[in-house]
Amino acid sequence: MVETAGSQSSHASQIEGARLRIEQLRKEVEHHRFCYYALDAPELSDADFDILYRELESLEQQFPELIVPESPTQRVGAAPSTEFTPVRHRIPMLSLANAMSKDDLLEWQERLVRGLEIEDKEPTFDFVCEHKIDGLSIALTYENGVFVRGATRGNGEVGEDVTLNLKTIKSLPQKLKPVAVLPDGTLAVSSSSSSSSSSNTEADLSANLERRMPALIEVRGEVYMPVSSFTSLNNALREENEAVFANPRNAASGSLRQKDPRKTAARKLSLWTYFIYVIDEQIKQPKSQADNLNLLAALGLPVEPSRQKVNGLDKVRDFVDHWSDLRHDLDYQTDGVVIKLDDRKLWDRLGNTSHSPRWAIAFKYPPEEAETKLEDICFEVGRTGAVTPTAWLAPVTLAGTTVKRATLHNADQIARLDVRLGDTVVVRKAGEIIPEVVCVKFDKRPADSAPFVYPTECPACGSALARVGEEVVFRCLNVHGCPAQKVRRMIHWVGKEAMNIDGVGEMLIEQMVKAHLVEKQSDFYRLTEESLLTLERMGKKSAMNILAAVESSKQRPLAALVFALGIRHVGASVAELLADRFNSMDAIAKATLEEMCAIEGVGTVIAENVIEFFAQEENRALIFELAELGVKMEVDQDKQAIVLPQSLAGKTFVVTGTLEKLERLEAEKAIKARGGKATSSVSKKTDYLVVGANPGSKVEKAQELGIKILDESEFLELLEMP
Ligand code: IVH
């Protein structure tokens, strides 16, 4: 057939249409795969996902020239693990010079005056003041408004690719909003927050403007862990006797660099952005830092709300003073104020030193340390019997709060510091959260002081304390008799992620344990209105509410129940893995070490602790009683994953081409349900290549490597699926 110019152009526009749709579909499929595989939190039903996937496959079949190796159809079951490949930053990530005092700020302004060669020795520059967020800096790349890559700072030139982990941050948009652009390429963003008087007309104006998405955007910002998330994370770690994070910054960094994005997702990180580079031939860079921040906000990126444009250094000082105490009320840690010259033209004239821009500076608040007297050392007994020492101090103000207690960590730390009762000590808020004793002022030590003798008996029950194995902590081994351990266990039982018994708090539990109403967890289910009313200050209405909350806790999911038992090293996520794999308490109790270790995310230490827990007679009796009292002990029938014999354990599969009876996702699920692994590319590690229609190049590669090739019917036979 002879092609006319018209048919050529209609073919071209068809291809263009297909290309756009394919790109769209690929992004959606990638996103949903990520939710499904990496986060275990699908947003679509399998059927809806299949519709998207099939549309993509069929378009690619129609237009094979549009197939690219990165297409999700070419990569079966993207593995969730991240590799942290090095990424070279398009624009190096600089650091900031520090100002440790107000005088340093003045010197900075003098340097600005010299650098800009201006006459006025007391100029009133416009500055933008922002909190210096204490997290870790990251670079985000958006191509045509879609988040494509995120990297840590690294050495400023090369960082680590943490895209998958960043995708788990809820406040990080995957897609940006288009922004209004004036005909000359200026972004119309400055109106949004600057002047309210003219905002009507400007809003009207920008409503008529073309909305566009810059081709390439580089964003800089800080990933942080909210203080509230940090506190609950550390509480959970402490409950499980795992090492806690010293401060939210370490926690954020540790969480962002997890190999498994599901773990990052569980850590509840957040983000503030403070800088943007627009790389687009038709769009101009914003002309000031205030506009940068407005643009970030207009694109839908999170921008810290306290930011302020001020005129003159005095106003900068006011901002610094204003926030010096108030900053402690924010749900994120700040360690200073970043001050930036607002006018972009001045930046170009000033330039950068080798490691920082001359037009910005970080004012650092002084370190938060204080001296005070150590009045006593007290000991707390945790749920698992761990005894931790706490220093009781003469009240002292630190980082905006009155501190009366500080941690001494453990016996070794007390010995290392040689801290004694009556000593003057230096306390610090480590990461400004948990105060700790840093050192002793030996020159202020009273003459009659005596070395501190660590107790040998449990402060709550008097039984002997012991160190087990290599552990640094001393433990009370009276697991079932110690009242302090009992109280802590009950507090854990009623917790939100555990049995979620609303209205029963620490004080009430202490009362209940004291009155012998609750000795063990099953006793909650034996409470009656009469027994509750014997407690001091208990009214009829509260009693009824408590009974209702206890009753509804019987229906908590199996994972919550397993977590509530407080087995060492079994946190909420491990409990979920166990519940998902075994479906019932009975099956978990009977599981072998090998069966448990076969679950990804469950190691020997966890498995041993689970086995030890169920080996104890008291624990078995407790579970029996709970079941008798009506606490649900299994996963609901309709939510049960059928546990099949693990006939494909240790075998790695690649599925290629289109299968007739199974969708590719279903095939992968079937492999995984039998203990096998489904991967995307053929390598020496592959055991089987399953081949459907139109398989592509993988077959050749498998033949070269001598890998066993299965057709669909052989595969179904192996699965024992007729
Ligand atoms: S501007 C070239 N603004 O502080 C400009 N940085 O000590 C560099 N930081 O590496 C950054 N809050 O991680 C800027 N509002 C803010 C910031 C901020 C925190 C961090 C950032 C940077 C470090 C420099």
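In each ligand, atom 1 is the first atom listed, and ligand 1 is the first ligand listed. Worth knowing before you read on, the calculation uses all heavy atoms, side chains too, and leaves out hydrogens, waters and symmetry mates. These numbers were taken from a predicted model, which means no experiment stands behind them.
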Go through Phe363 and Trp323 one step at a time and tell me if the ring pair (Phe, Tyr, Trp, His ring centres under 6.0 Å) criterion holds. CA-CA 12 Å; Phe363 175 87; Trp323 285 103; over 10 Å; no
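The salt bridge (Lys or Arg N to Asp or Glu O under 4.0 Å) check on Glu107 picks up nothing, with sequence neighbours excluded. Listed by chain and number, the residues in a side chain to side chain contact (heavy atoms under 4.5 Å, CB included) with Asp126 are Lys309, Asn311, Asp342 (sequence neighbours excluded).
Remark: Glu304 CD is packed, more than 12 non-hydrogen atoms of other residues, nucleotides or ligands lying under 6.0 Å away.
Within the structure, side chain to side chain donor-acceptor pair (under 3.5 Å) contacts touching residues 350-359 (residues at least two apart or in different chains) are Thr353-Ser356.
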Return a table of N or O atom pairs, ligand 1 on one side and protein on the other, at distances under 3.5 Å, rounded to 0.1 Å.
| from | atom 1 | to | atom 2 | distance (Å) |
| --- | --- | --- | --- | --- |
| ligand 1 | 3 (N) | Lys340 | NZ | 3.0 |
| ligand 1 | 4 (O) | Lys132 | NZ | 3.2 |
| ligand 1 | 7 (O) | Lys132 | NZ | 3.3 |
| ligand 1 | 12 (N) | Ile133 | N | 3.0 |
| ligand 1 | 13 (O) | Ser137 | OG | 3.3 |
| ligand 1 | 13 (O) | Glu222 | OE1 | 2.6 |
| ligand 1 | 13 (O) | Glu222 | OE2 | 3.3 |
| ligand 1 | 13 (O) | Tyr274 | OH | 3.4 |
| ligand 1 | 15 (N) | Glu130 | OE1 | 2.8 |
| ligand 1 | 15 (N) | His131 | O | 3.2 |

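In this pair, Phe127 and Trp108 present their aromatic rings tilted. The plane angle is within the 30 to 60° band.
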